[in-house]
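What follows is a set of notes on a single structure, which appears directly below.
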Amino acid sequence: MKKLLSLCLALALLLTLAACGGGESAADTDGAQDGAASGTEDVSVVNIGCTSRLGTLNPLLMDGSWVNVYAMSLEFLPLVSLDGEMEFEYMLADSITTEDNCTYTVHIDEAATWSDGQPVTAEDLAYTMTRIASPLVMNYAMQFSAIAGTDDETGWVEEGAETIGGLEVVDDKTLNITFKYELNMVSFLNGYAQYILTLPKHVLETIPEAELASASWFDAPTVVSGPYRVTDYDADHYISYTANENYWRGEVQIERCNIRIVEGSGLLAALQAGEIDIVPPLLGNFPEEDQEAVRALEGVRSVYGAATATETIFLNAGSIPDERVRQAMLCAIDRETIVNGLLTGGADIMDGFCVPDGPYGSGLAPVAYDPDRARELLAEAGWDGSESYTLYIHSSDQTLVNACTLCQSYWAAVGITVELRTVDLETLMAQAGGEGIDMSAVQYTYPAVDPSWDIDYVLSSWCHLYPDEAQQALGVIWGSNDEAELRGQYAAIDAIAQEQVPVICLYAYGPLGAVREGLENAEPTMYGSINHIETWSFAG
């Protein structure tokens, strides 16, 4: 079971995003901003705030980072998506069923069509999954090793394969997906259906397999299934879209859309100036010091998202192999002082992975601040202070940087030297868990409905500490639909995490989102903000 799908930041890096971009090109930015702010120009434009750079627009390279998920889902619909109530909503599919938790039957909505008028078919979905599994595409994040017919280690198929053995096209709209092991429905929806973005086979099959990963077609696709298609982008500043005039789920009300990427410190000013219309909590990360001002803005409605985001430090057991040292690092941190000093919205202190407000919160009492105990543990480990560590921190999250600076001082007080380095998200993701990377810190979102894929990923890839007991518990979770059993297994994993300390969760909280008054039908929810973006409109 440990070889099941491992979404690189699967589902959940609450990858902070914010705002800057515009129109059809960079030169059109100012005009696009004006139109978005007022809704009175001949061409209406909506600007979505975001604080992390774009990684890719190619769904074959999907890695689960939220800026990438949002950017690509506007063009190519997922089969399902979590909505604002954290329930799964059908998007491209209209039903997904299973009788044995091994074979899943996916039915594409009968009305689903591409922007060129061709129907979206089961062949399109099978083609997309086969190309994701291609060794020439080399998607390491969305491993398909649990799907029948793929390699047990890589999840890939042979070069040039026309299909995957576990895929069966039943008819034009129906695809069967068979797994090597039992997989419960929620884990299938959360780990597969939400992140596979179906592509048009009739367009892309002319591109050689070896060229798909770098194909320029994805920079400005000619055929899409979603409400918008990209016309221009700058990975550091903006992604610009124009409406799909033939969107099968309904007429798109706002003609143009921009994801505007700015530093977190620039979100407040951009929102205040009308250069940004909405900041979904998973995309835009307001610095803590700006949140009171955001909440006080006239003409702006703000709301805190569900408390599923965690500020987490991931410890690489390859660099910090002694469990007692890791335990000492946890005991040495005064998390209550960090929360009380840095946060205005409140937060939960927790150990492990399951947020207290979620269905699998175990009630496990977090380890208390105890510097004397930390020193005892270090003495037991034979710590002489000669070793030092480096902590890499996501630079766009200033609150996390501040929290880690406090951690640095707490560790120094017990004799542990830690150097802090701030890096952009793309660099952090590329390096996290790598050789010589002692620790990484990032705002990470564990989907409360199913944190299993994220636990699997971070333990194996970032922490290099994957106890047999945790693997066995995840195996039970993936094969079970019994809520009591699921709660018990998640509680066991959290207890293991508290004891062996592969991660230090500083706190869990709900990030702040905001939307300008006058942008109708738009909600800054943790999940599902853009599920019905075609209904967004400007008042008047």
### Query
Taking all non-hydrogen atoms of both residues, which atom of T525 and which atom of P281 are closest, and how far apart?
O-CD, 3.4 Å
### Query
Does some side-chain heavy atom of I259 sit less than 4.5 Å from a side-chain heavy atom of L74?
yes
### Message
Would the distance check show the side chain of K173 and the main-chain N or O of P119 forming a donor-acceptor pair, the cut-off being under 3.5 Å?
### Response
no
### Query
With no hydrogens and no angle check, is any side-chain donor or acceptor of T310 less than 3.5 Å from a backbone partner on Y444?
yes
### Task
State, yes or no, whether a side-chain contact exists between V503 and C463 at a heavy-atom distance under 4.5 Å.
yes
### Query
If you measure from CH2 on W478 to CD on Q489, what distance do you get to the nearest 0.5 Å?
12.0 Å
### Query
Would you call Y392 and V442 a side-chain contact if the rule is heavy atoms closer than 4.5 Å?
no
### Task
Could you grab the distance from atom OG of S44 to atom CD1 of I254, nearest 0.5 Å is fine?
5.5 Å
### Exceeds 12 heavy-atom contacts within 6.0 angstrom, atom CD of E485
yes
### Task
Could you tell me whether the side chain of N190 and the main chain of D450 form a donor-acceptor pair under 3.5 Å?
yes
### Query
Less than 4.5 Å apart, any side-chain heavy atom of I96 and any of Y90?
yes
### Task
For residues Q194 and P447, determine if any side-chain heavy atom of one lies less than 4.5 Å from a side-chain heavy atom of the other.
no
### Query
Is a side-chain donor or acceptor of S115 paired with a backbone partner of V224 at a separation under 3.5 angstrom?
yes
### Task
Using the side chain to side chain contact (heavy atoms under 4.5 Å, CB included) rule, take I177 and F144 through it: C-alpha gap first, then chi angles, then the decisive distance, then the call.
CA-CA 11 Å; I177 304 173; F144 282 5; over 6 Å; no
### Query
Yes or no on side chain to side chain contact (heavy atoms under 4.5 Å, CB included) for T98 and F188, after CA distance, side-chain angles and deciding distance?
CA-CA 10 Å; T98 182; F188 173 78; over 6 Å; no
## Note on the structure
Closest heavy-atom pair, V339 versus A347, reported as atoms and distance to 0.1 Å, is CG1-CB, 4.1 Å
#### Entry: Sub-4.5 Å side-chain heavy-atom contact between V120 and F76
no
### Query
Between D494 and F353, is any pair of side-chain heavy atoms under 4.5 Å apart?
yes
### Task
Would you check if F218 and L61 make a side-chain contact, meaning some heavy-atom pair closer than 4.5 Å?
no
### Task
Specify whether W453 and Y192 have parallel, tilted or perpendicular ring planes, treating 30° as the upper limit for parallel and 60° as the lower limit for perpendicular.
perpendicular
### Query
Quick one: do E523 and R301 make a salt bridge, cutoff under 4.0 Å?
yes
### Task
Go through N285 and D397 one step at a time and tell me if the side chain to side chain donor-acceptor pair (under 3.5 Å) criterion holds.
CA-CA 7 Å; N285 188 2; D397 188 346; 3.2 Å; yes
### Message
Main chain of L60, side chain of N139: is a donor-acceptor contact present, judged purely on distance under 3.5 Å?
### Response
yes
### Message
Quick check: closest heavy atoms across L197 and T128, and the distance to 0.1 Å?
### Response
O-CG2, 3.5 Å
### Contact summary for I261 and D236, nearest pair of heavy atoms
CG2-O, 3.6 Å
### Summary
One should read off an interatomic distance between T231 OG1 and Y241 OH, to the nearest 0.5 angstrom, of 9.5 Å
## Note on the structure
To the nearest 0.5 Å, atom OH of Y70 lies from atom CD1 of I239 at 12.5 Å
#### Entry: Exam field: side chain D277 to backbone R516, donor-acceptor pair closer than 3.5 Å
no
### Query
So does E483 have more than 12 non-hydrogen atoms from other groups sitting under 6.0 Å from CD?
yes
### Task
Report yes or no: does S225 contribute a side-chain atom to a donor-acceptor pair with the main-chain N or O of L77 at less than 3.5 Å?
yes
### Task
Report the distance from atom CZ of R53 to atom CG of D234, rounding to the nearest 0.5 Å.
8.5 Å
### Summary
Nearest heavy-atom approach of S396 to E263 is OG-OE1, 4.0 Å
### Message
For a quick test of reading the model, state the closest non-hydrogen atom pair linking S187 to S452 and the distance between them.
### Response
OG-OG, 3.8 Å
### Query
Cut-off 3.5 Å, side chains only: do D63 and S65 have a donor facing an acceptor?
yes
### Task
Under the side chain to side chain contact (heavy atoms under 4.5 Å, CB included) rule, what do M91 and S73 come out as? Steps first, then yes or no, please.
CA-CA 10 Å; M91 299 297 287; S73 295; over 6 Å; no
### Query
Between D232, N47, N258, which is the residue that forms a side-chain hydrogen bond (donor to acceptor under 3.5 Å, both in side chains) with Y238?
D232
### Message
Donor-acceptor check, side chain of N184 to backbone of I477, threshold 3.5 angstrom: yes or no?
### Response
yes
### Query
What distance do L342 atom CG and T337 atom OG1 have between them, rounded to the nearest 0.5 Å?
10.0 Å
### Message
Pairing donors with acceptors under 3.5 angstrom, does anything connect the side chains of T427 and D424?
### Response
yes
### Query
Out of T121, N246, D124, which residue meets the side-chain hydrogen bond (donor to acceptor under 3.5 Å, both in side chains) rule with W114?
D124
### Message
Tell me whether the count of non-hydrogen atoms from other residues, nucleotides or ligands lying under 6.0 Å of CD in E336 goes above 12.
### Response
no
### Query
Does the S362 side chain pair with the main chain of L364, one donor and one acceptor, at a distance under 3.5 Å?
yes
### Task
Apply the test side chain to side chain contact (heavy atoms under 4.5 Å, CB included) to residues F88 and L82: give CA-CA distance (whole Å), side-chain angles for both, the deciding distance (0.1 Å), then the verdict.
CA-CA 4 Å; F88 289 103; L82 282 169; 3.7 Å; yes
### Query
Is there a donor-acceptor pair under 3.5 Å between the side chain of E245 and the backbone N or O of A243?
no
### Task
Answer yes if the side chains of Y304 and Q291 hold a donor-acceptor pair under 3.5 Å, and no otherwise.
yes
